[in-house]
Structures are given as structure tokens and as C-alpha cells.
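See below for the structure under consideration.
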There are 2 protein chains.
Amino acid sequence: MRPLLHPSIEDITVEGILHALSDPVRVAIFSNIVAQDCSHNCSSFLTVRDKAIPKSTLSQHFRALREAGLIHSERRGVEVYNTARCAEIELRYPGLIRAIINAHSIQSKLGAKARKPTVKKADRQKAANK
Amino acid sequence: MRPLLHPSIEDITVEGILHALSDPVRVAIFSNIVAQDCSHNCSSFLTVRDKAIPKSTLSQHFRALREAGLIHSERRGVEVYNTARCAEIELRYPGLIRAIINAHSIQSKLGAKARKPTVKKADRQKAANK
DNA sequence: TCAATAGTTCCGAATAAGCGAACTATTGAA
DNA sequence: TTCAATAGTTCGCTTATTCGGAACTATTGA
């Protein structure tokens, strides 16, 4: 089992952040961690917005957030505590995280179905077959 | 040849925007379109930051930006004119586009190598093989 | 020592991205 | 009109990424 690796602040890229937060499950997890401002273990997200997330997938999502530089993860006994790295990121990319979280919460309020691309490849093909 | 399709403003999602702008080529193209505030045809981006982009790939990138709701594309004669949909997006998700463009320009100034995930899967495997 | 808990890793299947080659649509000659 | 040039799209193949079940690891408390 290799150690949890975190990029140093200089290695955190905008593209990496956007990629990590372009997934509805990950952005939900991250928003939650930011909002609570306290440590979360991973399994508190085994269901996200009424959808069950398999453990292995969840683990990958946490790794994605971690390696994008968005969260700090620390093993404490049998579980892992996760905190947001907002303060650091704010110094480097002021306003970025706030704007994304804010937009995400607006979208939730609007009740928009949060899906990755606005038009998925599968949907395009379905439309084409009609 | 099917028509260029644009999502209506209600169908533009935060995840879609972040996904589209999580690619270094696309974010460079989009920043440029936003900065110039005038129409661009696609081929003006056949090289992006000294890297040649194949025509077919470029076409897909424009489609990604278009279907995420970031740009409006209009055929005019033999070419396509692209404009940013910032004003609309600003109404729905205030500050989002500005923050992303701003962060991107900070990153450019810092000279960080812009790559998608901070740690790519391929890089992880390369590191593991050492 | 053992079982329970929390996460990770492995690996095969499904999905998406990248790009060369062939194609379409428009324009401006000849 | 026909024809070549230009701008962009679509097809189809290859590669890369994601998802998730099953097996594994590490820590704790009985």
C-alpha cells in the first residue's frame, strides 16, 4: 500500500482542479467537505445524493481530489481524515474555489440535473438513431 | 452534416463547463475567444502554444466547447464564427467564467506546465516502474 | 490471535479521447 | 457551369480513462 500523495502547491494546476470537479460525485463530496470545514472519513460518502457509490469507486474519487490538490488526506487509525486545501489554493488562484462551489450550489437550487457533458456522446448517438 | 447544436441556457451545467475547460487546449482557445471579444474561425487555432493541433481534433474541441454552452458557433460561408457566451453564463453562474479565466492567466504567468490531472495515470505507472 | 472496520489495489469491461483519412459545403475563379 | 481551393465535419481505429466487483492491507478492540 503506497502512501497517500499530495502535490505541492506549485504543482496544483487549474486544469487539474477543473477536471477533478467536473464529476458530479466528486464536486458533491468536495462541496460537503468545504461546507463542514472539518475532517471527513471517506465512507461518509458511500451514498451521494441518493446514489450508492461502490467503495472502490469512492476510493478512486478521493484519490482524484487528493492528487488534484483539492484535499489533504491523513490516515488516523483505521480511517482517513480529509480536509479541504482551500486556503492554499486561494493564495494561488484567488476566488476560483469559491466561484465553483457557488455555481454548484446555484445549480443545485435550480434543480438542474448534474451530468458531465451537456450533451453526452451516448445521447448524441441515441438522437442520431431516431 | 448535422447542424451545430447549442444547449439552451438552462441546460448548461457547471460540470459541463468545468469538463470542457479542464483541457489545456480548450481553455487556451476559450480564453483567447473571450479576450478578443470578436469572432474567431476555428483554423486560427491550428497551433496552440506552439503545439500543432490536427484539424479533426480541433473540430472536436470546438464541439466540446459548443456543447458545454461556452461558445456560440455560426457558419458563415466557408468558415465558422465562434463567440463566447459569457453574458448568458454570467447571469446563471455569476463570477464563474471570470474566476476560471483569471486562474488560468495566473497559471500561465507562473509558468506552470499545464496538464490535465496533476498526476496522470500514465505518470503514476511510470513512477511505479522505477 | 481473531474478527471487524476502513480503505486500497487489481483487473476486466465499458466509455471517452486523439487523430489520420475520407467526406461535405461554400466560394471564387476560369 | 465546372473545378479547384478552403474550412470544417465525420468515420473508424487506436489508445487512454473510468467504473466496479473481488481480493487484499492496515489498524483496532475484544
Side-chain angles (χ1 to χ4, degrees), chain A residues 1-5 15-16 19-26 29 39-48 51-68 71 73-82 115-129, chain B residues 1-5 15-16 19-26 29 39-48 51-68 71 73-82 115-129:
Chain A
M1 237 176 199
R2 55 203 100 152
L4 306 172
L5 44 89
E15 288 85 352
H19 174 74
L21 297 181
S22 69
D23 179 277
V25 171
R26 283 196 295 261
I29 292 173
S39 294
H40 286 65
N41 62 345
C42 301
S43 351
S44 45
F45 297 98
L46 278 169
T47 67
V48 173
K51 190 176 176 297
I53 313 291
K55 253 190 349 167
S56 62
T57 304
L58 198 58
S59 178
Q60 306 277 23
H61 282 321
F62 273 93
R63 182 167 67 164
L65 290 171
R66 185 167 55 243
E67 295 187 349
I71 61 172
S73 307
E74 189 187 350
R75 273 187 231 279
R76 286 206 198 151
V78 76
E79 42 190 27
V80 171
Y81 281 83
N82 300 286
R115 46 180 197 269
K116 218 187 300 191
T118 305
V119 180
K120 274 198 201 167
K121 192 184 178 186
D123 295 342
R124 263 195 315 263
Q125 293 193 331
K126 226 184 301 174
N129 290 342
Chain B
M1 241 178 198
R2 55 205 101 151
L4 307 173
L5 44 88
E15 288 85 352
H19 174 75
L21 298 181
S22 70
D23 180 276
V25 172
R26 283 196 296 261
I29 292 173
S39 293
H40 285 67
N41 61 346
C42 301
S43 349
S44 43
F45 297 97
L46 278 169
T47 67
V48 173
K51 189 178 178 297
I53 314 290
K55 250 189 353 168
S56 62
T57 303
L58 197 59
S59 178
Q60 307 278 22
H61 281 320
F62 273 93
R63 182 166 69 162
L65 291 171
R66 185 165 56 241
E67 296 188 350
I71 61 172
S73 307
E74 189 186 350
R75 270 187 232 281
R76 285 206 199 149
V78 76
E79 44 191 26
V80 170
Y81 281 82
N82 300 286
R115 46 180 196 269
K116 216 188 302 189
T118 304
V119 179
K120 274 198 201 166
K121 191 185 179 185
D123 293 341
R124 260 193 321 263
Q125 294 193 330
K126 226 184 299 173
N129 292 341

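To find a chain, count down the sequence lines: A is the first, B the second, and so on, and within it residues start at 1. Values reported hereafter were calculated over all heavy atoms of this structure, with side chains retained and with hydrogens, waters and symmetry mates removed.
Atom CG in B:Asn82 sits roughly 8 Å away from atom P in D:dT9 (whole-Å rounding). Straight-line distance from the CZ atom of B:Arg76 to the C1' atom of C:dA25: 17 Å, rounded to whole Å. When rounded to the nearest whole Å, the span between NZ of B:Lys51 and C1' of C:dC19 equals 10 Å. The distance from atom CZ of A:Phe62 to atom C1' of D:dT18 is 17 Å, rounded to the nearest whole Å. The OH-C1' distance, from A:Tyr81 to C:dT5, rounds to 13 Å in whole Å. Taking atom CG on A:Leu58 and atom P on D:dT18, their separation rounds to 16 Å, with Å as the unit. The separation between A:His61 atom NE2 and D:dT17 atom C1' is 13 Å, rounded to whole Å. One atom, CD of B:Glu74, and another, C1' of C:dT26, lie 15 Å apart when rounded to the nearest Å.
Phosphate proximity of C:dC19 to B:Ser56: absent, as no side-chain N or O sits under 4.0 Å from OP1 or OP2. At the phosphate of C:dC10, OP1 or OP2 sits under 4.0 Å from a side-chain N or O atom of A:Arg2. Between B:His40 and D:dA7 there is no side-chain N or O to OP1 or OP2 distance below 4.0 Å.
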Using Watson-Crick and G-U wobble pairs whose two distances are both under 3.5 Å, how do you write the pairing of DNA chain D as dot-bracket, with | for links to another strand?
||||||||||||||||||||||||||||||
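Residue B:Phe62 is tested with B:Leu4, B:Val80, B:Asn41, B:Ile29 for a side-chain contact (heavy atoms from CB on, under 4.5 Å); the sole match is B:Ile29.
When distances are taken from the side chain of B:Thr57 to each of D:dG21, C:dG18, D:dA7, the shortest belongs to C:dG18. Side chain of A:Arg66, nearest nucleotide from C:dT8, D:dC19, C:dA25: C:dT8. With C:dT8, C:dG20, D:dT9 as the candidates, the nucleotide lying closest to the side chain of B:Arg75 is D:dT9.
When every heavy atom of A:Leu21 is checked against every heavy atom of B:Glu15, the shortest pair comes out as O-CG, 4.5 Å. Minimum interatomic distance between A:Pro54 and A:Ala52 (heavy atoms only, all atoms of both residues): CD-O, 3.8 Å. Contact between A:Leu58 and A:Cys42 at its shortest, heavy atoms only, is CD2-O, 3.4 Å. Pairing each heavy atom of A:Ala20 with each of A:Ala64, the nearest pair is CB-O, 4.3 Å.
Two residues are said to be in side-chain contact when any heavy atoms from C-beta on lie closer than 4.5 Å; A:Gln60 and A:Arg26 fail this criterion. Counting heavy atoms from C-beta outward, A:Lys55 and A:Leu46 have side chains that approach closer than 4.5 Å.
Nearest-nucleotide mapping onto DNA chain D: of A:Lys55 and A:Val78, the residue sitting toward the 5' end is A:Lys55.
Across all strands, A:Leu4 comes closer than 4.0 Å only to sugar-phosphate atoms, never to a base (heavy-atom distances).
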